[in-house]
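Start at 1 with the first residue, then count along the sequence.
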Amino acid sequence: VTGVQTCALPIWGNWGGGQPGGEAAMAPSYFQRLDQNQNGRIDPEEWQQSRRVRGMFEQAGIQLDAMDLATFTKNLEKASAAAGQQQGGR
C-alpha cells in the first residue's frame with residue numbers, strides 16, 4: 001500500500017456511542033486502525049497519520065509517544081473525558 005492513509009474516527013464526543021465505558025470498548029478498533037504496521041503499538045510515525053485522534057490527545061495534554069493498547073485505552077478515556085468537559089463549557 002502506498003500513499004497516506006487516514007483513519008475516519010469520530011471526534012469530540014460520542015466516542016463510545018454515548019454509552020458508559022464506550023471508549024474502552026471501542027479502543028481496540030481505533031487502535032488497530034492507527035497501528036498500521038501491526039506491531040502492537042502506535043509509533044510516532046503512525047501518530048503523524050492521525051489528525052483527529054492525535055488532535056484529541058494533544059488537546060488533553062497526552063504525550064504522543066509509542067503506546068500499546070492498554071496505554072492507548074487509558075489515554076483515550078482521558079482524552080474523551082477532557083473533550084466532554086470542553087463541550088460542556090460552550
Closest heavy-atom contact between Phe72 and Leu34?
-> CE1-CD1, 3.7 Å

Measure the spacing between NZ of Lys74 and CD1 of Ile62 and express it to the nearest 0.5 Å.
-> 9.0 Å

Would you check if the side chain of Trp47 reaches a backbone N or O of Arg54 as a donor-acceptor pair within less than 3.5 Å?
-> no

Can you name the closest pair of heavy atoms from Ala83 and Met56 and give their distance?
-> CB-CE, 4.0 Å

Is a side-chain donor or acceptor of Asp43 paired with a backbone partner of Glu45 at a separation under 3.5 angstrom?
-> no

Distance (rounded to the nearest 0.5 Å) between Asp65 CG and Met67 CE = 7.0 Å

Measure the CG-CZ distance between Asp35 and Arg41 for me, rounded to the nearest 0.5 Å.
-> 8.5 Å

Please answer whether the main-chain N or O of Ala79 pairs with a side-chain N or O of Gln59 as donor and acceptor at a distance below 3.5 Å.
-> no

Would you indicate whether Gln32, at its atom CD, is surrounded by more than 12 heavy atoms from other residues, nucleotides or ligands within a distance under 6.0 Å?
-> no

Between OG of Ser50 and CD of Gln36, what distance do you get to the nearest 0.5 Å?
-> 9.5 Å

Roughly how far apart are Phe31 CZ and Thr71 OG1, rounded to 0.5 Å?
-> 9.0 Å

